[in-house]
There are 2 protein chains.
Amino acid sequence: MAAQRGPTQRRSSARIGRPAKDDNVVATGERLIAAAVDEFVERGFSRASLTRIAERAGISGPAVYKHFAGKADLLIHAARHSLEQTLSTIATPSRSPHDIARRWLADDFAPTRRLLLELHVAAGRETDLASLLTDWHLERTAVWQTTRADSVEQIKVFYLLLLGLAQIDSLTPLDTSPDAIAQLVDRMVDALFADTV
Amino acid sequence: MAAQRGPTQRRSSARIGRPAKDDNVVATGERLIAAAVDEFVERGFSRASLTRIAERAGISGPAVYKHFAGKADLLIHAARHSLEQTLSTIATPSRSPHDIARRWLADDFAPTRRLLLELHVAAGRETDLASLLTDWHLERTAVWQTTRADSVEQIKVFYLLLLGLAQIDSLTPLDTSPDAIAQLVDRMVDALFADTV
DNA sequence: GTCTATACATTGATAGAC
DNA sequence: GTCTATCAATGTATAGAC
């Protein structure tokens with residue numbers, strides 16, 4: 001998640017002068033958000049520490065308050081940002097449920113799985129986060145239904161399935177074949193969307 | 001979860017004398033474990049506070065150390081106890097996957113859903129809890145396979161599905177019909193276990 | 001905008017009286 | 001076994017120098 005930061009936002013307007021000091025440097029606010037997202041993956045939303053996030057971003061402690069109103073503010077901004085990031089990489093409109101499920105289970109999505117799981121579990125306690133996720137789901141459901149004629153129940157169950165599959169890494173008691181699991185998931189997705197045209 | 005405490009363990013051996021002082025009182029150790037489980041449901045495993053658990057159990061703070069070696073010890077005992085409790089109420093051998101899924105989604109299982117979810121998510125960070133869950137799953141899988149001829153992959157995916165469904169309460173953006181959801185889940189379970197004799 | 005110093009709350013744990 | 005101090009560590013936040 002932290003690897004895919006966007007290009008530098010601001011560009012030096014000076015054409016002449018020394019070689020644009022703010023070029024290879026990401027703005028502190030964005031670095032803080034990226035650091036917060038990393039912290040979510042590692043320690044979860046509700047155990048994230050403001051001090052640790054600040055140090056991760058290269059500044060130390062109280063300097064955060066020059067960029068955000070406080071811990072809650074930073075955390076909610078980071079959560080919103082990570083949600084936008086996530087859906088842009090996964091749930092693009094033209095993708096089928098099968099494709100989404102496959103990508104979701106790919107190895108390189110492990111941090112994203114963890115992130116979304118942490119956010120949802122934490123939402124059970126943090127009301128700000130809960131309403132953020134609610135809005136997100138409302139929006140995603142609406143977008144989904146512009147492409148496919150699925151019921152809200154189908155979409156919801158599909159989403160819950162993905163959340164369950166997000167824990168596939170945590171639980172490895174026995175040797176299981178990833179291919180076999182992917183095949184079973186495919187079957188279930190077929191059954192879930194069976195009556196859709 | 002806290003409502004279903006067992007009967008009092010120790011019984012006064014005195015036949016004559018005053019009316020058995022330890023009769024209506026649950027042993028402190030057991031009360032602590034029940035309180036810890038309640039705390040898991042409310043705040044999660046890794047945010048559980050020893051002091052709060054103690055107060056919930058009617059004693060205060062340091063007295064916990066007369067019953068358990070410390071916070072980690074109490075928490076792991078409570079986690080183990082709650083797992084045994086959970087499987088005895090849900091995954092009885094003779095029950096079909098459909099029945100298990102239905103019961104799992106029943107209203108009165110909301111705290112149990114939350115509990116198991118919290119334990120699994122926390123297991124991503126707490127190694128003691130992770131190995132406890134691993135053992136539990138190994139055992140449950142072995143028991144399961146004495147009754148049905150499902151593959152380990154089928155059992156695992158079923159378990160992941162249940163974990164996903166555990167978040168059905170957190171996410172209620174739109175009005176969804178519980179019956180319609182149960183029906184979809186039934187379909188998916190059918191598809192998952194399709195090739196089983 | 002970033003730092004150091006500091007205030008204040010919460011929490012896990014120990015010591016010792018009863 | 002339970003209590004009342006008490007300590008050390010962590011974590012959020014403010015104040016003020018630079």
(request) Would you kindly give the CG-to-P distance between L50(A) and dT14(D), to the nearest whole Å? (result) 11 Å
(request) Report the relative orientation of the aromatic rings in H120(A) and H137(A); use parallel for angles under 30°, tilted for 30 to 60°, perpendicular for over 60°. (result) tilted
(message) For DNA chain D, please output the secondary structure as dot-bracket, reading 5' to 3'. Pairs are Watson-Crick or G-U wobble, both atom distances under 3.5 Å; mark crossing pairs with [ ], other-strand partners with |, unpaired with a dot.
(response) ||||||||||||||||||
(request) Go through dA15(C), dT11(C), dT2(D) for me and flag the one nearest to the H67(B) side chain. (result) dT2(D)
(request) Using atom CD of E30(A) as one end and atom P of dG1(C) as the other, report the distance to the nearest whole Å. (result) 13 Å
(request) Any chance you could lay out the side-chain contact (heavy atoms from CB on, under 4.5 Å) test for D73(A) and H77(A), step after step, and finish with the verdict? (result) CA-CA 6 Å; D73(A) 189 40; H77(A) 273 89; 3.1 Å; yes
(request) Give me the one residue out of D169(B), D107(B), D108(B) that meets salt bridge (charged side-chain N to carboxylate O under 4.0 Å, His left out) with R113(B). (result) D169(B)
(message) Is T28(B) close enough to dT2(D) that one of its side-chain N or O atoms is under 4.0 Å from OP1 or OP2 there?
(response) yes
(request) Just say parallel, tilted or perpendicular for the rings of W136(A) and Y159(A), cut-offs at 30° and 60°. (result) perpendicular
(request) Evaluate the side-chain proximity of T112(A) to W104(A): yes if any heavy-atom separation is below 4.5 Å, no if none is. (result) yes
(request) Starting at atom CZ of R52(A), determine the distance to atom P of dA9(D), rounded to an integer number of angstrom. (result) 17 Å
(message) Nearest whole Å is fine: how far is dG12(C) P from E55(B) CD?
(response) 11 Å
(request) Would you mind reading off the distance between L75(B) atom CG and dT11(C) atom P, rounded to a whole angstrom? (result) 14 Å
(request) Looking at every strand, decide which applies to K71(A) at a 4.0 Å heavy-atom threshold: base, sugar-phosphate, or nothing. (result) sugar-phosphate
(message) Do the side chains of R114(A) and E118(A) get close enough for a salt bridge, i.e. N-O under 4.0 angstrom?
(response) yes
(request) Let me know the distance between NZ of K66(B) and P of dA13(C), rounded to the nearest Å. (result) 15 Å
(request) Can you figure out which of dA13(D), dG11(D), dC3(C) approaches the side chain of R43(A) most closely? (result) dG11(D)
(request) State which of dT2(D), dT12(D), dA15(D) makes the closest approach to the side chain of T51(A). (result) dT12(D)
(message) Pair Q167(B), L163(B) - check side-chain contact (heavy atoms from CB on, under 4.5 Å), show working.
(response) CA-CA 7 Å; Q167(B) 307 202 53; L163(B) 278 179; over 6 Å; no
(request) With heavy atoms under 4.0 Å as the rule, sort S49(A) into base, sugar-phosphate or nothing. (result) sugar-phosphate
(message) Rounding to an integer number of Å, can you tell me how far Y65(A) OH sits from dG1(C) P?
(response) 17 Å
(message) Using whole Å, what does the distance between atom C1' of nucleotide dC3(C) and atom CD1 of I59(A) come to?
(response) 11 Å
(request) Would you indicate what A48(A) reaches in the nucleic acid, counting non-hydrogen atoms under 4.0 angstrom: base, sugar-phosphate, or nothing? (result) sugar-phosphate
